[in-house]
Amino acid sequence: MPEAGHYGYKKTDGICDGVCGEPVSKAALTMSRLKCALRGFDLRALMVLLIGVPILILMIYAHGQKVTYFLRPIWESPPKPFKTIPHYYHENVTMENLCKLHGWKVRDIPRRVFDAVLFSNELDILEIRWNELSPYVSEFVLLESNSTFTGIKKPLHFKENEHRFGFVKSRLSYGSIGGRFVKGENPFVEESYQRVALDQLLKLARIEDDDLLIMSDVDEIPSGHTIDLLRWCDDIPDILHLQLRNYLYSFEFFLDDKSWRASIHKYKSGKTRYAHFRQTDELLADSGWHCSFCFRYISDFAFKMQAYSHVDRIRFKYFLNPERIQDVICRGADLFDMLPEEYTFQEIIAKLGPIPSTYSGVHLPSYLLKNVERFRYLLPGNCRRESG
């Protein structure tokens with residue numbers, strides 16, 4: 001029988017023995033404390049946490065954007081479909097009949113056409129664009145800045161190479177604007193600032209009501225016969241988006257026909273504003289080409305990746321590695337290692353992986369085909385680029 005008085009009992013399992021009170025060596029004491037601290041933990045679960053959690057964090061950092069894009073159909077609804085207008089053309093059909101096919105009437109004289117662009121460094125594509133449109137455009141309007149949308153200082157590339165564009169000199173309204181270089185600013189703010197400046201340049205170019213105004217990036221090239229049709233026909237919509245064939249890196253990698261941001265407007269003083277977003281529901285089918293990242297030099301690819309408004313897509317510095325860029329071009333893969341920007345799982349899955357090569361050179365800009373030796377890198381089978 002225990003003696004009378006205070007009685008206490010502490011259950012032990014031997015793991016923590018010697019930690020509190022019993023004399024032990026310092027090493028043994030340290031190990032005992034560690035064992036005591038870990039008592040009750042499942043060591044395998046602990047190892048999974050210590051190894052698995054950092055790996056999960058790394059995977060989310062590296063591929064989180066892909067997960068977001070793949071799940072886009074869940075969190076974002078597709079935009080309202082365009083009302084697509086069938087587009088008819090053949091070189092042997094008269095303009096009167098072409099207008100009639102579209103439900104329009106032919107005019108006695110064509111409208112004036114203004115082609116306005118913001119310019120960065122796409123010299124070859126600009127030359128191809130302006131030669132395609134030259135027979136139909138009354139005035140070319142070009143604005144460039146010494147700043148990219150992301151605030152990187154750059155030369156006035158057009159000004160330094162204006163000798164290449166002497167064929168439009170008498171019809172060119174050129175302007176330059178100084179960059180604002182606001183550190184940490186959203187790139188779309190600088191882009192909007194430059195587009196507003198382009199509105200002012202159009203006024204200086206003396207655009208008038210009912211003139212046609214082409215709003216598109218330099219690499220969004222309307223076909224010449226499309227512009228000819230619209231300048232000769234009456235009753236066309238006041239604003240009309242142009243459906244362009246989407247190419248990447250060259251005319252070898254045909255992506256789809258979903259490029260729609262290019263538009264043409266019947267100018268209205270005080271109302272028409274230069275913009276690059278959706279402005280109407282009407283879309284004219286098969287109206288030209290959009291050749292994105294179609295550069296001669298590897299250095300130009302790296303420059304644009306850092307210069308345009310989607311600079312946040314450069315998640316890792318190695319994306320700018322010249323050897324990687326060259327490999328991506330020849331495979332028809334994505335420079336930013338992104339998933340397709342689509343609104344249904346079916347479309348996303350259908351576009352996974354590199355773009356298949358196409359070997360058709362039919363219905364490309366005529367100036368490109370007339371100057372193959374200069375622009376061969378833009379044709380199928382010529383993916384190797386100069387370093388620059």
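FYI, the numbering just counts along the sequence from 1. Side chains included, hydrogens not; waters and symmetry mates left out as well; all remaining heavy atoms used.
Residues Asp281 and Lys83 are not paired through a salt bridge, judged by the lack of any N-O separation under 4.0 Å between the basic side chain and the carboxylate. Contact check on Arg313 versus Glu341 returns a salt bridge, with a Lys/Arg side-chain nitrogen under 4.0 Å from an Asp/Glu carboxylate oxygen. Between Asp300 and Lys304, none of the side-chain N atoms (NZ, or NE/NH1/NH2) sits under 4.0 Å from a carboxylate O, so this pair counts as no salt bridge. Under 4.0 Å is where a charged nitrogen must lie from a carboxylate oxygen, and between Glu347 and Lys258 at least one such pair does. Between Asp337 and Arg324 there is no salt bridge, since no side-chain N of the basic residue sits under 4.0 Å from a carboxylate O of the acidic one. With respect to the salt-bridge test (charged N to carboxylate O, under 4.0 angstrom), the residues Lys105 and Asp235 do not qualify. We find that Asp115 and Arg231 are not joined by a salt bridge, their nearest charged nitrogen and carboxylate oxygen being 4.0 Å or further apart.
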| message | Determine whether Glu132 and Ser223 satisfy the following criterion, side-chain hydrogen bond (donor to acceptor under 3.5 Å, both in side chains), listing intermediate values before the conclusion. | response | CA-CA 7 Å; Glu132 174 72 20; Ser223 60; 5.3 Å; no
| said: Between Asp209 and Lys271, is the salt bridge (charged side-chain N to carboxylate O under 4.0 Å, His left out) condition met? List the steps. | reply: CA-CA 10 Å; Asp209 285 359; Lys271 292 185 177 181; over 6 Å; no
| task | Give the C-alpha distance, both sets of side-chain angles, the deciding distance and a yes or no for side-chain contact (heavy atoms from CB on, under 4.5 Å) between Leu379 and Leu364. | result | CA-CA 10 Å; Leu379 297 177; Leu364 297 182; 4.0 Å; yes
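Atom CD of Glu96 has 12 or fewer heavy atoms from other residues, nucleotides or ligands within 6.0 Å. The environment of Lys351 atom NZ is dense: over 12 non-hydrogen atoms of other residues, nucleotides or ligands sit within 6.0 angstrom. More than 12 heavy atoms of other residues, nucleotides or ligands lie within 6.0 Å of NZ in Lys154, so this atom counts as buried by the packing criterion. Enclosure of atom CD in Glu160 by more than 12 non-hydrogen atoms of other residues, nucleotides or ligands within 6.0 angstrom is indicated. The local environment of CZ in Arg206 is sparse, with at most 12 non-hydrogen atoms from other residues, nucleotides or ligands closer than 6.0 Å. Other residues, nucleotides and ligands contribute over 12 non-hydrogen atoms within 6.0 Å of the CG atom of Leu352.
Relative to the ring axis of Tyr367, Lys370 does not place its NZ or CZ within 45° and under 6.0 Å from the centre. Seen from the ring of Tyr193, Arg180 counts as a face-on cation partner, given the 6.0 Å and 45° thresholds. The cationic group of Arg245 lies under 6.0 Å from the six-membered ring centre of Phe254 and within 45° of the ring axis, placing it in a cation-pi geometry. Both tests do not hold together for Arg385 against Phe295: distance to the six-membered ring centre under 6.0 Å, angle to the ring axis within 45°.
Using bins of under 30°, 30° to 60° and over 60° for the plane-to-plane angle, the ring pair Phe253/Tyr249 lands in the perpendicular bin. A tilted orientation is assigned to the rings of Trp260 and Phe82, their planes being inclined by 30° to 60°. Classification of the Phe167-Phe165 ring pair by plane angle, with boundaries at 30° and 60°, yields tilted.
Counting all heavy atoms, side chain and backbone alike, Trp232 lies closest to Met95 at CB-CG, 3.6 Å. Between Ser309 and Asp312 the shortest heavy-atom distance is O-OD1, 4.1 Å. Of all heavy-atom pairs between Gly175 and Leu201, the closest is N-CD2, 3.8 Å. The shortest heavy-atom contact between Ala205 and Glu139 is CB-CG, 4.3 Å. Contact detail for Ser263 and Gln279: the closest heavy-atom pair is OG-NE2, 3.8 Å. Pairing each heavy atom of Leu143 with each of Ala197, the nearest pair is CD2-CB, 3.7 Å.
A ring-ring contact (aromatic ring centres under 6.0 Å, His included) with His310 is found for exactly one of Phe149, Phe188, Phe293, namely Phe188. Among His102, His225, His363, the one residue that satisfies the ring-ring contact (aromatic ring centres under 6.0 Å, His included) test with Tyr89 is His225. Remark: of the listed residues Leu198, Ile214, Ile207, Leu198 is the sole one forming a side-chain contact (heavy atoms from CB on, under 4.5 Å) with Val141.
Side-chain contact of Arg72 with Tyr343: a donor-acceptor pair under 3.5 Å is present, judged by distance alone. If you check the side chains of Ser176 and Glu144, you find no donor sitting under 3.5 Å from an acceptor. Looking only at atom types and distance, the side chain of Ser216 has a donor-acceptor partner in the side chain of Arg129 under 3.5 Å away. There is no side-chain donor-acceptor pair under 3.5 Å between Ser259 and Glu220. Side-chain N/O atoms of Thr150 and Thr148 include a donor and acceptor closer than 3.5 Å. A donor-acceptor pair shorter than 3.5 Å cannot be found between the side chains of Asp286 and His87. Of the N and O atoms on the side chains of Ser287 and Gln243, not one donor lies less than 3.5 Å from an acceptor on the other residue. Under the 3.5 Å distance criterion, with hydrogens and angles disregarded, no donor-acceptor pair is assigned to the side chains of Tyr88 and Asn97. Ser134 and Arg171 share a donor-acceptor pair across their side chains, judged by distance under 3.5 Å alone.
In this structure, CZ on Phe119 lies 10.5 Å from CD1 on Ile125, to the nearest 0.5 angstrom. To the nearest 0.5 Å, the span separating CZ on Arg374 from CG on Leu368 amounts to 10.5 Å. Rounding to the nearest 0.5 Å places CD1 of Ile329 at 6.5 Å from CG of Leu335. Separation of atoms CD1 (Ile325) and SG (Cys330) is listed at 12.5 Å; rounding is to 0.5 Å. Considering NZ of Lys266 and CG of Asp210, their distance stands at 6.0 Å, rounded to 0.5 Å. Taken to the nearest 0.5 Å, the OH atom of Tyr267 stands 6.0 Å off from the OG1 atom of Thr272.
With Asn246 contributing its side chain and Asp256 its backbone, the two residues share no donor-acceptor pair below 3.5 Å. Distance alone, capped at 3.5 Å, places no donor-acceptor pair between the Arg331 side chain and the Ala333 backbone. Between the Arg261 side chain and the His276 main chain, a donor and an acceptor come within less than 3.5 Å of each other. Side-chain atoms of Ser145 come within 3.5 Å of backbone N or O of Ile177 as a donor-acceptor pair. Checking side-chain atoms of Glu190 against main-chain N and O of Asn186 turns up no donor-acceptor pair under 3.5 Å. At least one donor-acceptor pair closer than 3.5 Å links the side chain of Arg111 to the backbone N or O of Cys233.
Put simply, Phe114 and Leu242 are part of two different groups of oily side chains (I, L, V, M, F, W, Y) that touch within less than 4.5 Å, one to the next. Tracing side-chain contacts under 4.5 Å through hydrophobic residues (I, L, V, M, F, W, Y), one never reaches Leu248 starting from Trp289; they form parts of separate clusters. Linking Ile, Leu, Val, Met, Phe, Trp and Tyr residues whenever their side-chain heavy atoms come within less than 4.5 Å leaves Leu204 and Val137 in two separate clusters. No continuous path of hydrophobic side-chain contacts links Leu123 to Ile298 [ILVMFWY only; heavy atoms under 4.5 Å]. Cluster annotation: Leu283 is not connected to Ile239 through the hydrophobic network of ILVMFWY side chains, with a link wherever side-chain heavy atoms come within less than 4.5 Å.
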